[in-house]
Amino acid sequence: MATTKTTAKKTTAKSAAKVTESKATVQTGDKKKILFVASESTPFIATGGLAEVIGSLSKALAATGRFDVRVVIPLYSDIKKEYRDKFTYLGNLYVHLAWRNQYCGIFSYEKDGVTFYFIDNEFYFKRPGCYGYYDDGERFAFFSRSVLEIMPFLNFYPDVMHCHDWQAALAAIYLKTNYCFREEYQFIRALFTIHNIEYQGQYSLDLLSDLFDIYGSYQYLVEYNNSINLMKGAIECCERFSTVSPKYAEEIKHAYYAHGLDPIIRNNEFKLCGILNGIDDVSYNCALDSHIFANFTPDDFSNKAVCKKELQSMLGLPQKPDVPIISMVSRLVSHKGLDLVTNIIEELLQEDIQFVVLGTGESHFEGFFSDLARRYPDKLSANIVFNGDLSRKIYSGSDIFLMPSKSEPCGLSQMIACRYGTVPIVRETGGLYDSIKPLQNGYTFSNYNAHDMLYVIREAIADYKNKKEWTKLMYRAATTDFSWGNSAKQYESLYLDMLK
Ligand code: GLC
């Protein structure tokens with residue numbers, strides 16, 4: 001059997017989860033088995049960055065040839081029909097959860113070397129959207145229990161079960177409180193990745209056995225502040241846990257960022273690490289993207305002017321090539337730093353700029369931008385929709401991308417903007433801090449302060465006038481390596497380390 005060498009990383013004395021260089025030998029044909037457990041994945045269903053990471057990281061790991069990567073998500077009725085029609089029905093079983101006994105159909109689909117499984121139960125998942133129902137706890141408990149129950153059916157017991165966010169937390173909890181006592185499950189290691197610590201899956205303690213089917217003797221694992229906290233439970237039960245940038249892994253040890261979980265994070269920091277997300281650089285490629293008005297490359301940005309002109313015309317803004325367009329593609333919620341923007345926008349609009357917003361969210365922000373667009377029709381365009389096609393037209397057609405988040409576990413938009421030669425201005429937090437370096441590929445500010453932000457925006461507007469230097473900055477932004485290559489290697493090292 002042929003043998004391939006690969007680079008792996010192992011723990012240091014300082015932090016058990018810190019990744020350093022070492023070597024591991026992987027036998028071809030003896031791939032490590034990784035099962036992603038998540039509530040969404042591109043290209044099937046997406047409400048945010050989580051889905052992009054599940055879709056693109058699984059693909060990048062499979063592409064190494066060293067992993068058998070499979071992903072399991074619920075079969076929501078919103079999964080696009082073009083895909084649904086191609087799924088293969090594998091069979092069904094019944095899943096017990098406390099007194100419940102629910103049908104669980106299993107469908108599968110292969111894409112880019114990754115096997116996707118879909119858990120079918122119409123009572124739980126035949127509804128519009130993914131979340132926001134009164135029984136979300138029960139829906140994702142059923143989903144998580146199903147993940148463990150389908151393993152014998154599929155005859156697939158992963159080496160690492162990689163659970164993402166609170167919706168998949170119970171898979172790690174059930175593994176450690178129940179299944180690992182069975183022979184086939186005993187070697188499965190659990191990795192839990194926090195994409196956003198704000199959403200923890202908190203429920204009344206009364207539901208412990210009746211809904212979540214957790215024995216009283218394990219209450220201590222999931223109990224936090226007199227409630228059930230599923231994210232806390234997964235952190236306690238997993239062998240390792242991670243976040244989606246190194247900076248965020250540091251930040252969540254502090255109360256300002258941790259939404260109450262900082263003591264738990266600090267107690268478990270020996271098993272924590274942060275790995276920066278990548279983006280799908282084939283999909284986000286200004287030279288090939290068919291959604292944008294004209295293609296261009298970092299060596300020749302001339303067609304970016306066409307993208308800008310067409311964008312201005314589409315959004316009803318005056319076609320002024322030399323006026324910088326500052327854009328935001330964001331959920332309109334306060335942790336994205338919207339209060340900073342609302343604070344200074346009238347001042348900013350006194351400058352010779354155009355401002356474009358795309359996104360939906362809290363109604364007071366939606367109303368605020370719609371109102372501004374009415375008052376400044378020649379300067380501001382508010383697009384209160386979620387529209388992937390338009391987002392690409394905005395990324396490619398604008399000059400400056402604003403992302404002043406209060407907290408940002410990783411953030412993908414700043415990387416996507418860079419790929420289209422649109423220079424980001426970010427606050428130095430989480431993945432924004434790790435991906436954008438001042439004057440290297442963007443602008444940054446540190447304090448969560450509206451006028452600090454305005455100062456940096458004005459700096460960028462002034463620099464924009466120096467076309468030669470600005471083009472160099474665009475080039476550096478567009479050629480920054482945000483591919484999964486490096487991050488996938490770090491996950492690979494983490495998995496191998498967990499399997500020692
Ligand atoms: C969440 C985070 C975002 C991150 C994404 C993918 O949506 O808020 O910062 O990029 O997950 O990990």
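As the structure is a prediction and not an experimental result, all values here were calculated from the model. Each ligand, and each atom within it, is numbered from 1 in the order the structure gives. Sequence positions, counted from 1, serve as the residue numbers for this chain.
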I need the nearest protein heavy-atom contact for [atom]: residue, atom name and distance, please.
atom	result
atom 10 (O) of ligand 1	Gly411 N, 2.8 Å
atom 7 (O) of ligand 1	Gly49 N, 4.1 Å
atom 1 (C) of ligand 1	His195 O, 3.4 Å
atom 9 (O) of ligand 1	Glu408 OE2, 2.6 Å

Between Lys304 and Phe293, is any pair of side-chain heavy atoms under 4.5 Å apart? no
Carboxylate-amine/guanidinium contact Asp159 Lys31, below 4.0 Å: no
Charged N-O contact under 4.0 Å between Glu428 and Lys247: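 Here Glu428 does not pair with Lys247 in a salt bridge, since their nearest N and O are not under 4.0 Å apart.
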Those atoms of ligand 1 less than 4.0 Å from some heavy atom in [X]:
X	value
Val244	12 (O)
Asn196	8 (O)
Asn277	6 (C), 10 (O), 12 (O)
Val53	6 (C), 12 (O)

Rounded to the nearest 0.5 Å, how far does CD of Glu223 lie from CD1 of Ile214? 11.5 Å
Of Phe143, Phe107, Phe44, which meets ring-ring contact (aromatic ring centres under 6.0 Å, His included) against Phe118?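 For Phe118, the ring-ring contact (aromatic ring centres under 6.0 Å, His included) test succeeds with only one of Phe143, Phe107, Phe44, which is Phe44.
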Just by distance, with hydrogens left out, do Thr193 and His162 show a side-chain donor and acceptor under 3.5 Å apart? yes
